Asker: 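For reference, the structure I am asking about is given below.
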Amino acid sequence: MTTLDLTEAQIAVHWKEEEYFYPPKEFVKQANLTDTAVDNRFSLQNFPECFNEYAELLTWSKKWDKTLDSSNPPFWKWFVGGKLNASYNCIDRHLPTHKGKAAFIFVPEPENEPTVILTYLELYKRVNEVAVMLRDFCGLKDGDRVTIHMPLVPELPITMLACARLGIIHSVVFAGFSGVACGQRAADSGSSVLICMDGYYRSGTLIDHKEKADVAVDAAAQEGQKVERVLVWRRHAGQYASQTPMVDGRDFFVDEVLKSYANKTVEPLDVEATHPLFLMYTSGTTAKPKGCQHSTGGYLSYVTGTAKNILDIQKDDIYWCMADIGWITGHSYIVYGPLALGTTGVLYEGVPTFPDAGRVWRIAERLGVNIFHTAPTAIRMLRKVGPNEPAKYNYKFKLMVTVGEPIEPEVWRWYYDAVGKQDAVIVDTWWQTETGGFLCSTKPAINPMKPGSAGPGVPGIHPVIFDESREEVPPGTQAGNICIRNPWPGIFQTIWRDPDRFVKTYYAKYCKDTKSKDWRDWPYFAGDGATRAQDGYFRILGRVDDVINVAGHRLGTKELESACLVVSSIAEAAVVPVADEARGRVPEVYVALKPGFAPSETIEKAVVNELETLIGKIARPRSVRIVPDMPKTRSGKIMRRVLAAISNKMPVGDTTTLANPEVVEQIRIMVQGAGPVETTAQVADDIAKFGKDE
Ligand code: WTA
């Protein structure tokens with residue numbers, strides 16, 4: 001952890017230990033995972049072979065020779081020698097038994113548009129046609145990368161699975177990201193094809209999405225990557241929803257091109273287990289996002305096994321994950337894990353509170369959803385706009401999921417009482433883009449739940465908390481950095497085109513001997529602060545690095561700061577996380593101006609505008625504060641910790657070592673107003689200690 005910053009983990013207020021809640025008997029009776037011997041089966045003594053159990057859930061065209069090749073740490077290779085195809089596993093293999101079953105039920109945002117049911121057979125046909133188009137019309141082949149910038153519509157998983165069918169590596173960029181952000185990711189991945197959609201519904205408006213594609217192509221070109229083809233799906237086939245002209249020879253409507261490939265099929269390409277399935281970009285401590293590279297065999301095994309054990313998905317369940325497919329949760333637990341299990345999944349296009357606070361519960365009732373998966377930010381919002389809405393609808397959930405950020409115990413209780421009607425199990429699943437699938441969670445039929453705690457490591461995951469001097473922190477004491485002792489099949493393989501950064505970011509901190517060939521010497525550093533209670537449950541506090549988790553979406557402070565610096569009047573920028581009732585954390589921006597410029601609303605607006613243009617609307621800050629100077633150390637480093645303390649109404653601590661201590665009081669008065677220092681959010685002792693390292 002860097003000492004100059006006050007991180008999310010340190011802003012976390014201290015929650016007291018909560019009581020246990022037990023899974024209902026009815027749930028336990030029907031659950032997939034009820035065998036308490038599972039932890040023993042997945043103990044370190046049985047590592048790595050224990051994970052064969054997950055790989056065996058898949059269909060392999062050639063069985064693996066070796067479960068784990070760990071000879072080149074930390075570049076783990078899972079199920080070496082095995083061959084398979086992800087689209088075959090998610091589609092073809094279900095056809096003999098249930099081709100007529102719904103793979104997806106798509107709910108458009110406008111309530112007068114009918115739901116669309118996509119059976120496994122139709123998914124098969126559509127994926128094949130798109131795959132043939134990618135091969136014959138775009139000339140793509142295995143190992144090529146394709147950037148996909150699409151909203152949550154069935155055409156998104158169809159496009160992903162079409163790539164997977166041919167061994168093409170997809171890189172999906174969340175539709176809410178700006179065109180510039182998309183173009184930069186396309187350039188980094190080396191994509192010559194961009195697949196997008198003309199428009200989609202948000203809060204009742206069909207918004208123009210194609211305009212971002214033109215910006216993306218330019219942004220990619222600036223970084224030396226030519227995007228030769230832009231394939232544009234249309235939200236309503238035959239009707240163009242965008243005002244942006246199509247570029248002749250570069251842009252094509254998918255529905256028109258597909259006419260030539262109707263009913264065409266292509267054999268799924270068997271790839272090595274270690275063949276990359278996709279890239280997913282995520283923010284880190286530098287301005288440049290990291291392309292997390294996930295494998296085919298290890299990743300697919302892991303998400304399938306955890307979807308079965310932790311999400312408890314079964315044959316007749318109707319499963320609804322409200323996450324966007326543009327994030328890792330959607331990749332792992334809307335597309336790959338559930339489809340590999342032959343699940344019926346609900347896809348909802350729109351805003352959860354549109355047109356009213358009852359929408360989500362109406363969908364759940366109408367479609368008979370019994371597994372519900374969402375994030376604390378959505379739970380908080382639904383609670384705020386309609387605390388009593390769930391009671392008005394007749395649905396019954398057996399299991400509910402929370403993911404993406406810490407959930408406050410009182411929000412957890414509303415989820416349990418109001419949404420789950422005190423009759424559903426909750427799993428609080430802690431994991432990351434990098435980890436492919438769940439790391440910590442209770443086993444729904446086996447462990448009791450504890451509000452605010454993710455729970456123990458899931459089977460085969462052995463977490464540990466280290467302090468800054470690499471000592472293990474004993475349970476029930478203080479907070480520290482959560483790490484995983486062992487590799488697992490879902491872990492990403494590397495950062496695309498940057499293996500050094502991969503080693504440095506995730507393994508260097510706690511690797512005692514970089515020459516060691518023993519995986520035991522290479523714990524995975526997650527970048528989160530956590531505490532472990534006596535019962536072995538982990539409570540995640542938040543990021544310990546320069547990453548801000550906004551409403552469950554990771555944004556790098558450096559990324560945000562460089563966007564602010566694009567405004568020509570700005571000399572310096574510092575972005576800090578601020579606790580927010582609805583979104584968990586939001587960024588707050590501090591800027592100092594170049595000589596000769598005076599503070600103005602125009603400058604504040606220009607900063608917000610750059611953040612939205614370069615990153616996306618999710619980066620909108622709580623406020624932009626124009627300050628006379630940044631608090632700095634004598635060596636000239638900006639003290640973000642001081643700014644974060646001011647923004648979070650916390651004591652600023654010792655400022656005597658600063659080069660300009662007087663500026664701190666000026667900024668404090670500006671943000672908090674005159675009067676005594678407020679200390680509403682007391683930092684708990686253990687967390688304060690945790691932050692004292694240098
Ligand atoms: C945070 C999302 C507390 C954490 C799957 C992590 C959580 C980051 C939880 C990864 C949880 C995720 N409780 N915090 N259940 N789940 N986080 O890559 O800080 O978008 O490092 O993956 O979200 O976010 P990412």
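All values derive from a computational prediction rather than experimental measurement. When a ligand or atom number is given, it counts from 1 through the structure's own listing order. Each residue takes its place number in the sequence, starting with 1.
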Asker: Show your reasoning for whether side-chain contact (heavy atoms from CB on, under 4.5 Å) applies to Thr274 and Trp78.
Answerer: CA-CA 7 Å; Thr274 52; Trp78 284 90; over 6 Å; no
Asker: Considering only heavy atoms from C-beta outward, does the side chain of Phe51 approach that of Trp488 to under 4.5 Å?
Answerer: yes
Asker: Would you tell me whether Tyr281 and Thr433 have side-chain atoms, one donor and one acceptor, within less than 3.5 Å of each other?
Answerer: no
Asker: Below the 3.5 angstrom mark, is there an N/O of Thr282, backbone or side chain, next to an N/O of ligand 1?
Answerer: no
Asker: So, Thr7 and Gln10: side-chain donor and acceptor under 3.5 Å apart, yes or no?
Answerer: yes
Asker: Apply side chain to side chain donor-acceptor pair (under 3.5 Å) to residues Ser283 and Glu559 and explain how you reach the verdict.
Answerer: CA-CA 8 Å; Ser283 299; Glu559 226 178 317; 2.7 Å; yes
Asker: In terms of atom number and element, which parts of ligand 1 are under 4.0 angstrom from non-hydrogen atoms of Arg543?
Answerer: 19 (O), 21 (O)
Asker: In plain terms, say whether Glu408 and Arg413 are close enough for a salt bridge, that is, a side-chain N and a carboxylate O under 4.0 Å apart.
Answerer: no
Asker: Which protein heavy atom lies closest to atom 16 (N) of ligand 1, and at what distance to 0.1 Å?
Answerer: Gly404 N, 3.0 Å
Asker: Could you list the atoms of ligand 1 found under 4.0 angstrom from a heavy atom of Asp428?
Answerer: 11 (C), 13 (N), 15 (N)
Asker: Applying a heavy-atom cut-off of 4.0 Å, say which part of Ile540 lies close to ligand 1: side chain, backbone, both or neither.
Answerer: side chain
Asker: Between Arg554 and ligand 1, which part of the residue brings a heavy atom under 4.0 Å of the ligand: side chain, backbone, both or neither?
Answerer: side chain
Asker: Tell me, which protein residue and heavy-atom name are nearest atom 13 (N) of ligand 1, and how many Å apart are they?
Answerer: Glu405 O, 3.4 Å
Asker: Any idea which part of Pro406 is under 4.0 Å from ligand 1, heavy-atom wise: side chain, backbone, both or neither?
Answerer: both
Asker: Taking the minimum heavy-atom distance to atom 21 (O) of ligand 1, which of Leu541, Val547, Asp528 ranks first?
Answerer: Asp528
Asker: Nearest to atom 18 (O) of ligand 1, what protein heavy atom do you find, and at what distance?
Answerer: Thr433 OG1, 2.5 Å
Asker: Any idea which atoms of ligand 1 are less than 4.0 Å away from a heavy-atom of Thr429?
Answerer: 9 (C), 11 (C), 15 (N), 16 (N)
Asker: Is Asp188 salt-bridged to Arg497, cutoff N-O under 4.0 Å?
Answerer: no
Asker: Side chains of Tyr20 and Asp535: do they bring a donor and an acceptor to under 3.5 Å?
Answerer: yes
Asker: Check whether NZ of the Lys or CZ of the Arg Arg501 lies under 6.0 Å from the centre of the six-membered ring of Tyr506 and within 45 degrees of that ring's axis.
Answerer: no
Asker: For ligand 1, which atoms sit closer than 4.0 Å to a heavy atom of Asn549?
Answerer: 1 (C), 8 (C), 19 (O), 23 (O)
Asker: Give a yes/no on ligand 1: does Trp327 have at least one heavy atom closer than 4.0 angstrom to it?
Answerer: no
